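Computed from a predicted model, the values in this text were never measured in an experiment. Chain identifiers are assigned alphabetically (A, B, ...) following the order of the sequence lines, protein sequences preceding nucleic acid strands; residue numbering begins at 1 within each chain.
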Number of protein chains: 2
Amino acid sequence: MDKPLVKISIRAENQRAIVEAAEAVFAEAGFKGATTAAIAAKAGVPKANLHYYFSTKEDLYRAVVERVLTAWLAAASSFDESDDPREALARYIGAKMDLARSMPLSSRIWATEIMRGAPVIQDFLDTTLAQWVEQRSRIVRRWIADGRVRPIEPKYLFYMIWATTQQYANAAHEMASLENGRPLTDEQFEAAKKQVIETIIAGVAPQTGRRASPSQT
Amino acid sequence: MDKPLVKISIRAENQRAIVEAAEAVFAEAGFKGATTAAIAAKAGVPKANLHYYFSTKEDLYRAVVERVLTAWLAAASSFDESDDPREALARYIGAKMDLARSMPLSSRIWATEIMRGAPVIQDFLDTTLAQWVEQRSRIVRRWIADGRVRPIEPKYLFYMIWATTQQYANAAHEMASLENGRPLTDEQFEAAKKQVIETIIAGVAPQTGRRASPSQT
DNA sequence: GCGGCATTTGACCGTTTGGTCAAATTTATA
DNA sequence: TATAAATTTGACCAAACGGTCAAATGCCGC
């Protein structure tokens, strides 16, 4: 009576536990460095049991990466919540920062996968991501046409956003080392998020500054 | 008679060839994934010969990482070539972008090392890098005090610069996928470099824009 | 409570890998 | 040219690894 709906199938629950353990081990040791024995141990199951659910290490890795992909897409959708450049960018950058902060392991696996040349998610790059970038680039270009963003190549803006937000997962250890070994506090992280958002927004804002209005030359 | 000065010691030349091969293999396969056999093959020497010069794989990895560190420091020094925020940042970002472009393998190894928690360069993080950041942060704070940079935490600015420039090595494959499989041309890369520099400089510039001059409130 | 299916698990195996070694060969020294 | 030191290399080894397998156990509908 305590668990009527909670009664998840044994299969689903075991897979979840294994994938979760795999994520940690892959993130720490890389694909080749991760051993199925270590993953099984972390998940609390015998190695043979792991291979009962995921026949090969690559299968398991793929499951992990697909989980990350879901999170990536969820964060990406926050770009579309507003038509205002400042608001859209702030939301998107904020979502990506939060993703890096709350799922550092996933984020690191994602970065590694990209760096390895995307052996598993090549298809995603060529289809979903390409379309996403294409569509959002069109939005940015409209902003530029409307004079709400200075003339830039949208892709390079996205690269900057991806890199900078990812940094807070990838380089968390480095950042901690520069804070006497202590990881960024929530307050520091929020300050960093704010600064990243403001810097990028100001960085792509139309130049109203040095010269009051653009000359016609 | 043909090689009076060229006659580098056998030792130095072999070490160089091995380290170069190691860099490629480590970058492609990660530390654990790289095999000494593969490195030896790429360097054109028998595996036993590799172990004659580098007794363990870790020794070899350390040699590779130290080579990268040299390049990192060289690029870092370009920050100090000017006292003007715009010029210093432009030079530094440009140097880091060029580093990522010209030494993508090194850059990727560096990124991986950072992501792994810097097992080899921890000492560098705690000493040299910490000092570098401390000193340059002081410079940035002076710029802020002089009203030449808006109030920011210098560290988060450096994180952004490191991440964004590194991106052009780490994610070269992803970028190519978004250009129909073709890597960034030199022209595209130069445009990206320009955009990154301008975006960051505008992003940290004092707000002369929306409101002409800061109020006293 | 029985029959069938899913799950669990210890033992096992072929391969790969980092590293060793001793013998051969080359290079430097005098 | 004699001798020592540095370098080269094929053969070899123990450990670690991904994956298999068959027997045992648990679970569920009827």
Query raised in the report: Is there a side-chain contact between B:Phe124 and B:Leu73, using heavy atoms and a 4.5 Å cut-off?
Result: yes
Query raised in the report: For residues 41-50 of chain B, which residues have at least one heavy atom under 4.0 Å from DNA chain D?
Result: B:Pro46, B:Ala48, B:Asn49
Show me the donor-acceptor pairs, under 3.5 Å and distance only, between side chains in residues 59-66 of chain A and residues at least two apart or in other chains.
from	atom 1	to	atom 2	distance (Å)
A:Asp59	OD2	A:Ser55	OG	2.9
A:Tyr61	OH	A:Glu113	OE1	2.6
A:Arg62	NH2	A:Glu58	OE2	3.2

Report summary line: Applying ring pair (Phe, Tyr, Trp, His ring centres under 6.0 Å) to A:Phe158 and not counting sequence neighbours gives A:Phe79, A:Trp132
Report task. Tell me, please, which residues at least two apart from B:Glu174 pass side chain to side chain contact (heavy atoms under 4.5 Å, CB included). Result -> A:Ile114, A:Leu125, A:Leu129, A:Trp162, B:Gln167, B:Ala171
Query - Axial bend angle, the helix from C:dG1-D:dC30 to C:dA30-D:dT1: five-pair end segments, nearest 10° - result: 30°
Query - Partner residues of A:Asp123 under the side-chain hydrogen bond (donor to acceptor under 3.5 Å, both in side chains) criterion, sequence neighbours left out - result: none
Report task. Output all residues satisfying side-chain hydrogen bond (donor to acceptor under 3.5 Å, both in side chains) with A:Asp83, sequence neighbours left out; order by chain, then residue number. Result -> none
Query - side-chain hydrogen bond (donor to acceptor under 3.5 Å, both in side chains) partners of A:Tyr159, counting only residues at least two apart - result: none
Query - Pairs satisfying salt bridge (Lys or Arg N to Asp or Glu O under 4.0 Å), at least one member in residues 22-47 of chain A, at least two apart - result: A:Glu23-A:Arg67
Query raised in the report: Taking the side chain of B:His51 as heavy atoms from C-beta outward, which of C:dG18, D:dC17, D:dT8 is closest to it?
Result: C:dG18
Query raised in the report: If you look at every strand shown and take non-hydrogen atoms under 4.0 Å, does B:Ala34 touch a base, only sugar-phosphate, or nothing?
Result: sugar-phosphate
